[in-house]
> 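First the structure, which I've put down as structure tokens, then a few questions once you've had a look.
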Amino acid sequence: MTQLFDQSLTAYLRDDGRKGIRNLVAVMAAADNVNPLVRQLAERVPGTVCLPASYGRGQMGKDFDLALRAMAGLAAHPNVAACLVVSFEPESSKRITQRTAALGRTVEELCFLETGGLEPSLAKGEAILRRLHQQAAAAKRVLLSPAELVIGLECGGSDTTSGLFGNPALGLFADQLIDAGGTAVFSEPVECLGGEDLLRARAVSPAVARRLIETVCAYDELAKVNGVDLAGTNPTPDNMAGGLTSIEEKSLGALAKTGSRPIQGVLAYGEAAPKAGIWMMDAPAAAVENITALAAGGAQLICFVTGTGNPSGHPVSPTIKISANPITVTQMPSHLDVPLADMLEGSIGLAQAAKRIAARIASVINGTATAAETLNYLETNISRIGPSV
Amino acid sequence: MAVAPTRAILLTAKDDVAAVLAPLPANGEVSVTLSTSGEPLRRLTTRGAIPFGHKIAVRPIAAGQKVVRYGYPIGVATRDIGEGEHVHAHNMRSLLSPAASDGGDKRVLHEAAPLRELVVTCLRAAGVPDQAAAAMANALTEAHLRGVETHGLRRLRPYIDRIRSGGVDAMAEPTFEHRQAVIRVDGRNGIGHYVAQRATEEAIAAAQRLGIAVALVRNSNHFGFAGYYAGLMARAGQLGLVTSNGQVCVAPEGRSRPFLSNNPLAIAAPTGDPDALLELDLATSVTSRANVVQAAKQGQRLPPGLAQDDEGRMTQNAAAALGGSLLALAGDRGFALLFALEAMTGVLAGGAYADLVSSKETSPNAPEGTAHTIIAIDLESAIGAKDYASRLDDMIARLHAVPGDAARPVRYPGERRWRLRRLRLHDGIPLTRADADDLAKLAAELGVTATAALAHS
């Protein structure tokens, strides 16, 4: 069997046994009321990843649970060497640190009220962050096996080339990764509507098939409650002009990025896969929310196929952009990591395209910055599934 | 040097369609290339122009056949598609979208009387005695006249299959035991339509004498749509109420096993117009099981909130719903209504009740043991038939006079059914070609000539 990667892989070993491909120091807001403090801290200590909160106050039920799971997942992410969780009152950071502890990682805490307002918090926080950076710098890379890899699979700004080339190429790589013992996570259940036959055929068990289909249907129901008939409005007129005839076809095109291996189960938003193989995560399709979910679930990197060109990357999980659209490849080269326009010309086939993706992944794992990292086009945002009170 | 033809990418070897990588004119040449191997498989000539990225059929696809891409069905062909043809919305549709009008779904009108005669002839050929054959044929034809297609001719084959397998005794005559206003009926596992019709007739006659009568039927079988029997009483100048149990399909919310059938509740009464009855007829589940069977057959998804899978979780998958359960209408209150209805049906009639009713699907040869409760209130004994009809007409008129959007008229129960019935008696019964073909095939199997009834008009 040929090697999946053309070079040996290295990564940083964390306390919980997972390995990270970056050695980040992050500062995270437990709620939006400390975002100003968190932003200023990140500015004071260059190289610090800033993870502001979108909400965090007045959340409840499943929505609150999702937010805490995702925040803990990001704070305890293997790419994060150390994280400072900043809160207004101690309870709100405790909720996160309890969860990171359960995940086997320790994080630092800073409380605005206990420290006595902005200036003392800035001083204290800066000192903590500088210490964390020093400690992180001592970490050394060790060998990483493909079986220790968790990769997120995403597509956005999809077009005809995505379903024909970009997604099948990523799907082939995903199969190779799974065969090498690795883990892959895709999401966007809403883009599986009409792909139920495939989900049923690929689910590892009938019970998993039911969970998959139920998860997909829940989005359809949610849309209907809000007056949107997804099956009736898809494919869109643009899709139709591009040659898509049915929602099944659109969904199968999106699912092509997931390859062909048995689907192990459904993960909650930001939940880590309990074992190797390919998994579906219950997260919405909007790119930033989606890559945030995949990152929170512990994906060390995300492969993102785009047709017309989606620029977003996640600050914690390096996001590799793949496109087979010749116009995008020509017009937005700085946003792309893996151009595949030559698939359309016919000069490379699926196997070579998958190999090109693997080569770029290996290089990103070993430290090369992704296009989104270089451009600093990075964003994080956790989904909401309920209102605040 | 010859220019290489445009490639058409075939994503899996199973696929019926490939995507062309350049816009092509009619009679253009493409090289079909398998995505996974990159190998050119064969050359193909386009029939008609095909835009960039659009699909070309790599083999003929018959109308009604599923179209496969990515190794899975992406829809169904709505007409015969030839090799090399452009495949798009003009000749293919999603399996999730409601059936568009195409060959298989096109409806042709059939006169009611010959259709009824054909059913009678088929049943006789299957060994059913005349009276029972007439009872079933009447109920099936009335289902189509009133737009209750789910309880119509499509059921003829399964009914006949069950008679032939010995699950139903076509020769059985029900027995009647009169105790004042109560008639205890033993269906003796006879044909449900016949048993129910006979019981209804007994109830009508008894109510004419006594003012009210109730027929409690046990050991019967599926009797079609309940409104039919309630309507028989209404047309005899009575107020009729009918309920029945049947195959279990409704689970308590969040429970994994169905416990009750969706006992229909039918109430019918005469208005001043002999061809317009009040006819309430509802399954007490949020939808009828027949609708779910139909959705499963057509590969359509159910609307949300109707059904649970076999683990008690909500599902929109029709097949999963068939293996699971339906929900009662109006949640817990509907389930309570259902429970009480069963207490006045299977329990009261001395027949099988709740989950003791045998399943046609799991034990096709065992008697179902279905129970019906049929109540007739004679209107002469009450307020007087004439007075009743005029009061009901007044209530209907007052309902119609409630102000609101004229484009969305408010209807009383039965209004649509009986309007359809008038229309269809005049114009004919619309049957899909597929349904007409199925019926013709059944007739042929039974050695019956169906041409008169099923001639495509």
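Just so it is clear: chains get the letters A, B, ... in the order the sequence lines come, proteins before strands, and each one is counted from 1. Side chains included, hydrogens not; waters and symmetry mates left out as well; all remaining heavy atoms used.
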> Go through A/Gly253, A/Gly194, A/Gly349 and name the one with the most non-hydrogen pairs under 4.5 angstrom from chain B.
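The candidate making the most pairs under 4.5 Å is A/Gly253.
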> Out of B/Pro303, B/Pro51, B/Ser35, return the one with the most heavy atom pairs under 4.5 angstrom to chain A.
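Among the listed options, the one with the most contacts to chain A is B/Ser35.
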> Are the charged groups of B/Glu311 and A/Arg210 less than 4.0 angstrom apart, N to O?
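A salt bridge links B/Glu311 with A/Arg210.
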> Among A/Gly346, A/Ala218, A/Pro168, which residue forms the greatest number of heavy-atom pairs with chain B at distances under 4.5 Å?
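Ranked by contacts with chain B, first place is A/Gly346.
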> Return the orientation label for the B/His54 and B/His86 ring planes: parallel under 30°, perpendicular over 60°, tilted otherwise.
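Correct class here is tilted.
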> Identify which of A/Val216, A/Leu172, A/Ile213, A/Leu244 forms the greatest number of heavy-atom pairs closer than 4.5 Å to chain B.
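Ranked by contacts with chain B, first place is A/Leu244.
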> Need one label for A/Ala241: side chain, backbone, both or neither, based on atoms under 4.5 Å from any heavy atom in chain B.
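For A/Ala241, backbone heavy atoms alone lie under 4.5 Å from chain B.
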> Flag yes if more than 12 heavy atoms outside B/Arg42 fall under 6.0 Å of its CZ atom; otherwise flag no.
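It does: B/Arg42 CZ has more than 12 such atoms within range.
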> Whether A/Arg261 and A/Asp179 form a salt bridge (side-chain N of Lys/Arg under 4.0 Å from carboxylate O of Asp/Glu) is what I want to check.
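A salt bridge is present here (some side-chain N lies under 4.0 Å from a carboxylate O).
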> Run the salt-bridge test on B/Asp355 and B/Arg257 with the 4.0 Å N-O cut-off and return the result as yes or no.
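Answer for the salt bridge query: yes.
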> Do NZ/NE/NH1/NH2 and the carboxylate oxygens of B/Glu83 and B/Arg59 come within less than 4.0 Å?
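Here B/Glu83 does not pair with B/Arg59 in a salt bridge, since their nearest N and O are not under 4.0 Å apart.
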> Looking at chain A, which one of B/Ala89, B/Ala320, B/Gly71, B/Ser37 has the largest number of heavy-atom pairs inside 4.5 Å, strictly under?
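Highest number of heavy-atom pairs under 4.5 Å: B/Ala89.
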> Side chain from CB out, backbone as N, CA, C, O: work out which of these in A/Leu164 comes under 4.5 Å of a heavy atom of chain B, or both, or neither.
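Both parts, backbone and side chain.
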> If I measure from the heavy atoms of chain B, does A/Met343 come under 4.5 Å with its side chain, its backbone, both, or neither?
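For A/Met343, the backbone is the part near chain B, not the side chain.
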> Under 4.5 Å from any heavy atom of chain B, what part of A/Glu196 do you find: side chain, backbone, both or neither?
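For A/Glu196, side-chain heavy atoms alone lie under 4.5 Å from chain B.
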> Before accepting this row, confirm whether a basic side-chain N of the pair B/Arg301/A/Asp220 lies closer than 4.0 Å to the acidic partner's carboxylate O.
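Result for this pair is yes, salt bridge flagged.
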> Please classify the contact of A/Thr160 with chain B as side chain, backbone, both or neither, using a heavy-atom distance under 4.5 Å.
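Only the side chain of A/Thr160 comes within 4.5 Å of chain B.
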> Can you say whether B/Val87 sits under 4.5 Å from chain A via the side chain, the backbone, both, or neither, judging by heavy atoms?
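Looking at B/Val87, just its backbone touches chain A.
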> Select one option (side chain, backbone, both, neither) describing which atoms of B/Arg69 are under 4.5 Å from chain A's heavy atoms.
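The answer is both parts of B/Arg69.
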> Does a salt bridge link A/Arg356 with A/Asp342, judged by any charged N lying under 4.0 Å from a carboxylate O?
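Yes, this pair counts.
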> More than 12 heavy atoms of other residues, nucleotides or ligands under 6.0 Å from CG of B/Asp405: yes or no?
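Result for CG/B/Asp405: enclosed.
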> What part of A/Glu249 lies closer than 4.5 angstrom to a heavy atom of chain B: side chain, backbone, both or neither?
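Backbone plus side chain of A/Glu249, per the 4.5 Å heavy-atom cut-off to chain B.
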